[in-house]
K.L.:
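The structure is given below, and queries will be raised subsequently.
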Amino acid sequence: MIPPQISINDTTLRDGEQAAGVVFNLEEKVAIAKFLDAIGVQELEVGIPAIGQDEAKAIRAIADLDLNAHILGWNRAVFSDIQASIHCGLKRIHISIPVSDMQIQVKFQGRWLRMLEQLRDTITFARDHGLDVSVGGEDSSRADPTFLIDVAQYAQEWGAFRFRFCDTVGILDPFTTYQQVQALVAALEIPVEMHTHNDLGLATANALAGLRAGATSVNTTVNGLGERAGNAALEEVVMALKQIYGLKPSIQTQHLSELSRLIAQTVHCPVPPWKAIVGKNTFAHESGIHAHGILQDPRTYEAFDPQEVGRQRRFVVGKHSGRRLLNQVLQDYGLQLDAIDSQSLLNAVRDRSTQLKRSLTVDELLALVTPEGTRTALGETNNISFQLNP
Ligand SMILES: CC(=O)SCCNC(=O)CCNC(=O)[C@H](O)C(C)(C)COP(=O)(O)OP(=O)(O)OC[C@H]1O[C@@H](n2cnc3c(N)ncnc32)[C@H](O)[C@@H]1OP(=O)(O)O
Ligand SMILES: O=C(O)CCC(=O)C(=O)O
């Protein structure tokens with residue numbers, strides 16, 4: 001099973017920002033780092049000092065906050081990158097190195113020995129400057145497994161405190177991830193971190209498979225933001241660890257929705273309504289059979305209580321609704337219908353919803369009930385025990 005001490009290393013501010021078209025300014029980076037820290041994320045990969053002065057300034061500003069979370073800067077195995085990290089006042093850095101033949105060909109013209117020497121020298125340089133160094137195997141999932149282990153063992157020998165297994169282009173499934181990570185974990189004394197991409201929609205599943213195989217740290221991003229199809233989503237990984245494996249996350253999950261909104265607004269990119277955990281529809285119920293169940297026991301159609309992630313259950317009246325939901329909604333508005341009336345209202349709701357090609361608002365529903373066709377005709381409403389579409 002998964003050990004209780006899983007560490008989340010959120011990379012929204014590094015890999016998240018690599019999503020095409022996304023830029024965080026200094027104030028935004030600081031605000032996001034503070035939020036992640038305040039809700040209990042243990043480690044933050046906050047950017048790439050080598051990008052330039054503005055990025056370095058933002059990283060330094062975060063490092064100066066003296067947050068509880070460990071702050072990490074991302075680097076190539078290049079001296080000037082490490083120097084830029086040192087100038088940011090970082091105590092912990094990550095050095096990335098390509099490990100698949102294809103990547104080594106493109107980045108080191110196939111000279112793998114040169115690549116290893118560069119890794120050794122940059123780790124040593126960073127360690128000599130008092131930095132803790134994590135090492136990442138870029139494209140680990142397509143690397144020769146023996147070579148991957150060799151590189152990771154060298155990184156360990158040269159002083160890395162952790163090795164990151166990267167499914168850089170998101171091509172693994174959970175079964176293969178498990179096998180590859182299990183072999184890596186068995187060959188190392190230092191911890192392994194998972195870094196998974198969502199090109200085939202498997203980033204979260206693969207991250208969890210890696211944790212089951214013995215990795216103890218995981219890279220995440222809020223809303224799954226990141227390069228191409230993105231990364232394993234923070235909210236998904238945390239809630240899966242909690243719900244599936246019964247772990248008590250150090251992260252205050254009730255703030256995950258607010259965090260998701262903050263990121264969506266900052267990057268001007270709304271999350272899809274069906275996005276797990278944080279999407280608008282993830283606790284919305286329209287279908288008659290579902291609402292019938294939920295109204296008696298929410299566990300019938302909810303994986304967990306929406307309040308756990310700072311959400312509220314929401315009912316929607318539309319084409320798929322049934323009488324039980326309609327009656328409940330009307331009751332909350334101080335109205336009662338007999339069986340015949342509720343069937344005719346249901347028929348009217350279906351017709352209207354089909355015409356509009358969407359669910360109905362409260363006003364549209366109530367307009368179908370009262371002869372006057374207005375909400376005010378109903379007088380004062382009772383306390384509404386749940387939200388209907390506004
Ligand atoms: C899988 C990942 O997410 S890796 C992280 C990707 N993120 C980014 O690229 C965002 C930040 N990047 C940047 O700002 C720029 O690319 C910089 C500052 C790092 C480098 O810029 P430039 O000097 O203009 O180089 P450019 O981006 O064109 O090419 C990358 C260079 O880094 C080299 N490189 C790539 N990865 C590594 C590595 N892990 N270690 C050492 N060198 C590397 C490439 O071989 C290439 O070298 P070359 O210029 O000698 O051919
Ligand atoms: O940290 C690394 O080594 C590379 C991380 C990364 O972004 C990736 O492999 O997709």
Side-chain angles (χ1 to χ4, degrees), residues 9-24 43-56 58-59 72-85 92-100 102-123 125-126 133-143 148 151-152 155 160-172 177 180-181 184 192-200 202-203 206-207 210 215 217-221 224-232:
N9 177 6
D10 189 84
T11 182
T12 303
L13 296 175
R14 197 280 293 175
D15 207 324
E17 199 188 21
Q18 284 176 207
V22 168
V23 176
F24 297 120
E43 190 171 2
L44 311 177
E45 187 168 70
V46 296
I48 305 178
I51 287 180
Q53 273 190 359
D54 285 348
E55 173 80 346
I59 293 171
L72 198 82
W74 189 95
N75 302 268
R76 296 168 299 170
V78 171
F79 283 108
S80 55
D81 282 29
I82 315 295
Q83 262 153 351
S85 277
R92 186 177 271 214
I93 64 161
H94 180 81
I95 301 179
S96 174
I97 205 77
V99 289
S100 67
M102 188 197 315
Q103 297 279 359
I104 295 171
Q105 183 58 40
V106 166
K107 289 166 187 162
F108 285 85
Q109 297 73 49
R111 291 176 296 167
W112 57 268
L113 202 52
R114 174 86 203 97
M115 182 277 276
L116 279 175
E117 283 166 0
Q118 220 164 299
L119 177 62
R120 180 197 59 204
D121 294 347
T122 46
I123 295 177
F125 180 68
V133 179
S134 142
V135 167
E138 189 189 3
D139 214 11
S140 303
S141 48
R142 291 190 293 187
L148 173 67
V151 175
F161 75 89
R162 184 174 62 204
F163 189 82
R164 178 181 291 176
F165 176 96
C166 303
D167 184 16
T168 300
V169 287
I171 41 88
L172 293 185
T177 303
Q180 293 195 9
V181 175
L184 183 62
V192 170
E193 176 168 86
M194 294 305 298
H195 180 97
T196 54
H197 275 277
N198 208 30
D199 299 70
L200 294 171
L202 291 168
N206 288 339
S217 178
V218 56
N219 264 169
T220 60
T221 60
L225 189 70
E227 194 85 49
R228 303 181 313 279
N231 292 64

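Both counts, for ligands and for their atoms, begin at 1 and track the order of listing.
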K.L.:
Counting only N and O atoms by type, is there a donor-acceptor contact under 3.5 Å from the side chain of T196 to the main-chain atoms of A203?
P.N.:
yes
K.L.:
Just jot down the ligand 2 atoms closer than 4.0 angstrom to any heavy atom of G136, in number order.
P.N.:
3 (O)
K.L.:
Can Q103 be said to touch ligand 1, with heavy atoms closer than 4.0 Å?
P.N.:
no
K.L.:
Below 4.0 angstrom from a heavy atom of C166, which ligand 2 atoms are there? Numbered from 1 as shown, please.
P.N.:
2 (C), 3 (O), 4 (C), 5 (C), 9 (O)
K.L.:
Could you identify the single nearest non-hydrogen protein atom to atom 40 (N) of ligand 1 and state the distance to 0.1 Å?
P.N.:
A77 N, 3.1 Å
K.L.:
Just need the protein heavy atom nearest to atom 14 (O) of ligand 1, so name the residue and atom and give the distance.
P.N.:
I51 CG1, 3.3 Å
K.L.:
Do E45 and R164 meet the salt-bridge criterion of a basic N to acidic O distance under 4.0 Å?
P.N.:
yes
K.L.:
What atoms in ligand 2 come closer than 4.0 Å to a heavy atom of S96?
P.N.:
2 (C), 3 (O), 4 (C)
K.L.:
Under 4.0 angstrom from atom 50 (O) of ligand 1, is there any protein heavy atom?
P.N.:
no
K.L.:
Which residue supplies the protein heavy atom nearest to atom 10 (O) of ligand 2, what is that atom called, and how far is it?
P.N.:
H197 NE2, 3.0 Å
K.L.:
For atom 38 (C) of ligand 1, what's the nearest protein heavy-atom neighbour? Residue, atom name and distance, please.
P.N.:
R76 CB, 3.6 Å
K.L.:
Please determine whether salt bridge (charged side-chain N to carboxylate O under 4.0 Å, His left out) holds for the pair E43 and R162, giving the CA-CA distance in whole Å, both sets of side-chain angles, and the decisive distance to 0.1 Å.
P.N.:
CA-CA 13 Å; E43 190 171 2; R162 184 174 62 204; 2.8 Å; yes
K.L.:
Counting from 1, what ligand 2 atoms have a heavy atom of T168 closer than 4.0 Å?
P.N.:
8 (C), 9 (O), 10 (O)
K.L.:
With heavy atoms of E138 as the reference, note each atom of ligand 1 found under 4.0 Å away.
P.N.:
1 (C)
K.L.:
Looking at ligand 2, would Q18 count as a contact under a 4.0 Å heavy-atom criterion?
P.N.:
no
K.L.:
Under the criterion salt bridge (charged side-chain N to carboxylate O under 4.0 Å, His left out), I'd like the reasoning laid out for E117 against R120: C-alpha separation, chi angles, the key distance, then a yes or no.
P.N.:
CA-CA 5 Å; E117 283 166 0; R120 180 197 59 204; 5.2 Å; no
K.L.:
Suppose we measure from atom 6 (C) of ligand 2 to each protein heavy atom; which comes out shortest, and what is that distance?
P.N.:
H195 NE2, 3.1 Å
K.L.:
In the complex you have, is atom 29 (O) of ligand 1 within reach of the protein, judged by whether a heavy-atom distance drops under 4.0 Å?
P.N.:
no
K.L.:
Would you say R14 has any N or O atom under 3.5 Å from an N or O of ligand 1, going by distance alone?
P.N.:
yes
K.L.:
Taking only heavy atoms of W74, which atoms of ligand 1 are found under 4.0 Å from at least one of them?
P.N.:
4 (S), 5 (C)
K.L.:
With distance as the sole criterion, is a donor-acceptor pair present between the side chains of T168 and D139 under 3.5 Å?
P.N.:
no
K.L.:
Distance under 4.0 Å to a non-hydrogen atom of P98: what atoms of ligand 1 satisfy this?
P.N.:
39 (N)
K.L.:
Around atom 10 (C) of ligand 1, find the nearest protein heavy atom and jot down its residue, atom name and distance.
P.N.:
I48 CD1, 3.7 Å
K.L.:
Would you say the side chains of E193 and N9 form a donor-acceptor pair under 3.5 Å?
P.N.:
yes
K.L.:
Do the side chain of D15 and the main chain of E227 share a donor and acceptor less than 3.5 angstrom apart?
P.N.:
yes
K.L.:
Among protein heavy atoms, which lies nearest atom 35 (C) of ligand 1, and at what distance?
P.N.:
K107 CD, 3.6 Å
K.L.:
Distance to 0.1 Å, residue and atom name: give those for the protein heavy atom nearest to atom 18 (C) of ligand 1.
P.N.:
A50 O, 3.8 Å
K.L.:
Taking atom 3 (O) of ligand 1 as the reference point, report whether a protein heavy atom occurs under 4.0 Å from it.
P.N.:
yes
K.L.:
What are the atoms of ligand 2, with element, lying closer than 4.0 Å to any heavy atom of R14?
P.N.:
5 (C), 6 (C), 7 (O)
K.L.:
What residue and heavy atom of the protein are closest to atom 42 (N) of ligand 1, and at what distance?
P.N.:
V78 CG2, 3.8 Å
K.L.:
Measure R164 to ligand 2 on non-hydrogen atoms and call it side chain, backbone, both or neither using the 4.0 Å cut-off.
P.N.:
side chain
K.L.:
When you measure from the side chain of D167 to the backbone N and O of I171, does any donor-acceptor pair fall under 3.5 Å?
P.N.:
yes
K.L.:
Do ligand 2 and H94 have nitrogen or oxygen atoms that lie under 3.5 Å from each other?
P.N.:
yes
K.L.:
Please state which protein non-hydrogen atom is closest to atom 39 (N) of ligand 1 and give its distance, to 0.1 Å?
P.N.:
S96 O, 2.7 Å
K.L.:
Would you kindly say whether N219 and T11 are connected by a side-chain donor-acceptor distance under 3.5 Å?
P.N.:
no
K.L.:
Are there protein heavy-atom neighbours of atom 45 (O) of ligand 1 below 4.0 Å?
P.N.:
yes
K.L.:
Polar-atom distance check: Q18 versus ligand 1, any N or O pair below 3.5 Å?
P.N.:
yes
